[in-house]
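Below is one structure; the comments refer to it alone.
Here is how names work: the chains are called A, B, and so on, in the same order as the sequence lines, proteins then strands, and each is numbered from 1.
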Amino acid sequence: MEKTGVSVDTNELKIQTEKIQNLLQQIETEILNMLGDEFRDLNIASPKQLKELLFEKLKLTNKKKGSTDKEVLEDLIDEHPVVEKIIRHRKLSKLVNTYLVGFNKYIKNEKVHTKFNQSLTATGRLSSSDPNLQNISIRDELQRQVRKIFVTSSSEYSFMGLDYSQIELRVLAQMANEKHMIEMFNNDLDIHEEAARKIFKLSSSETVTSDMRRVAKVFNFGIAYGLSDFGLARDLKISVAEAKNLIKSYFETFSDLKNFIDQLILDAKQINFARTLSNRRRKVTQLSDPSFLIRSFGERIAVNMPIQGTAADILKIAMINIEKKLKANNLDAKMVAQIHDELILEVKKTDLKATEELVKSEMKSALRDLITTLNLNEEVKVDLKVSYSEAEN
DNA sequence: AGCCCACTCT
DNA sequence: CATGAGAGTGGGCTT
């Protein structure tokens, strides 16, 4: 993947750079005009100066000891019209500096060749640097446009993206042997909706509201991170008491999950390591620390590392098998990037269909292959699901 | 050079 | 070190 690289449309890069730079310039002028002459030397990119402006000069509400991060600013939008513009300025300057101008230094012969660091993360994931191709913007429509600068090497090729759906939650269901969750996955149900149905104790005829589904989704994501009542309350903007009740209800619903998580922490305490299904290990030293905060952090590591790490192991197995089979089948297709639960390949258009089937099949069977290759005493309980997409950039 | 803060992704 | 996990980069600022 490093050697193959990804082609860059340098003309598109130039056009987008100029466009965003103009927008940025415009907002900067608006901000300075709004504030008047006293602030003509203000550097909006300086958190220190911004803190002084917002909390000392403009006397806005200072709730998080001077922090000016997005969350704080969003709470202050109604207090002063400049706040909204500062948020926009931040977004655009990140976009232009990191994802547009920042790329130029990595382009060699119209391509970027990222590094995929293979022995760096604590869990077994890869990381990507110089440039990082695993954190290219996608959420916001304007920001996701930067993805257009990455193109195939000729019009005879397409990109193919294959994503595991809910890989970490499926891994958790597998490892915990959580019967309700396994059943939902294996019947291809909407996991957030079904979780909501159970948390809020609805009958099969009652409708899950979008609010209920949103709450369940936060749970399903947070559970692999060792979510706390405190964090959940903050996320959902509810009281800690309400959060406590929802957590209780969630674990009553998925009782095997609770047992499994407790067991992970006990195991880690005994051997001072957290480990994946395939026995990749991470030393955990915080579990007997006298500080509650540090101990809690150790517990979250003990829970998250086996889940995140097993998911990473599964994709690695898939990648090894895909590489072999693409060659064996003489397909004109190359992996170009891995983004934790997703592979991107550049594929000759005439080989698209065959490659899709091959890659999908290898990704789906990777858990089974991991178990049999390593002779693990484990059976496959949960199906893996893979979604597919195709594009010119 | 190195830390901090802010932003980006799964 | 830290009040859900794992990462990387850029600008400001201090040393």
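When each of C:dT3, C:dG6, C:dG8 is scored by its nearest atom to the side-chain atoms of A:Lys94, the top-ranked nucleotide is C:dG8. Among B:dT10, C:dG8, C:dG6, the nucleotide with an atom closest to any side-chain atom of A:Arg139 is B:dT10. With distances taken from any side-chain atom of A:Gln143 to the nucleotides C:dG6, B:dA6, B:dT8, the minimum falls on B:dT8. Considering only side-chain atoms of A:Ile138, the nucleotide from C:dG10, B:dC9, C:dG8 that sits closest is B:dC9. For A:Thr68, taking side-chain heavy atoms from C-beta onward, the closest of the listed nucleotides B:dA6, C:dG6, C:dG8 is B:dA6. Residue A:His340 places its side chain closer to B:dT10 than to any other of C:dA5, B:dT10, B:dT8. When distances run from any side-chain atom of A:Asn132 to the nucleotides C:dA5, C:dG8, B:dC9, the shortest one goes to C:dG8.
Residues satisfying the ring pair (Phe, Tyr, Trp, His ring centres under 6.0 Å) test with A:Phe150, not counting sequence neighbours, are A:Phe103.
When the shell of 6.0 Å around CD of A:Glu84 is examined, it contains 12 or fewer heavy atoms from other residues, nucleotides or ligands.
Salt bridge status for A:Asp37 with A:Arg40: present, with a side-chain N to carboxylate O gap under 4.0 Å.
The aromatic rings of A:Phe219 and A:Tyr250 lie parallel to each other, their planes meeting at an angle below 30°, with 60° marking the opposite boundary.
With hydrogens and angles ignored, no donor-acceptor pair closer than 3.5 Å exists between the side chain of A:Arg234 and the base of C:dT3.
Within a heavy-atom distance below 4.0 Å of DNA chain C, the residues of residues 32-57 of chain A found are A:Asn43, A:Ala45, A:Ser46, A:Lys48, A:Gln49.
Counting only residues at least two apart or in different chains, side chain to side chain donor-acceptor pair (under 3.5 Å) contacts with residues 41-54 of chain A are absent.
One distance of note links CD1 of A:Ile138 with CZ of A:Arg144; it measures 4.5 Å at 0.5 Å rounding.
With centres under 5.5 Å and a plane angle under 30° as the test, the ring of A:Phe297 is not stacked against the base of C:dA2.
Counting any heavy atom pair closer than 4.0 Å across all strands shown, A:Asp130 reaches sugar-phosphate atoms only and no base atom.
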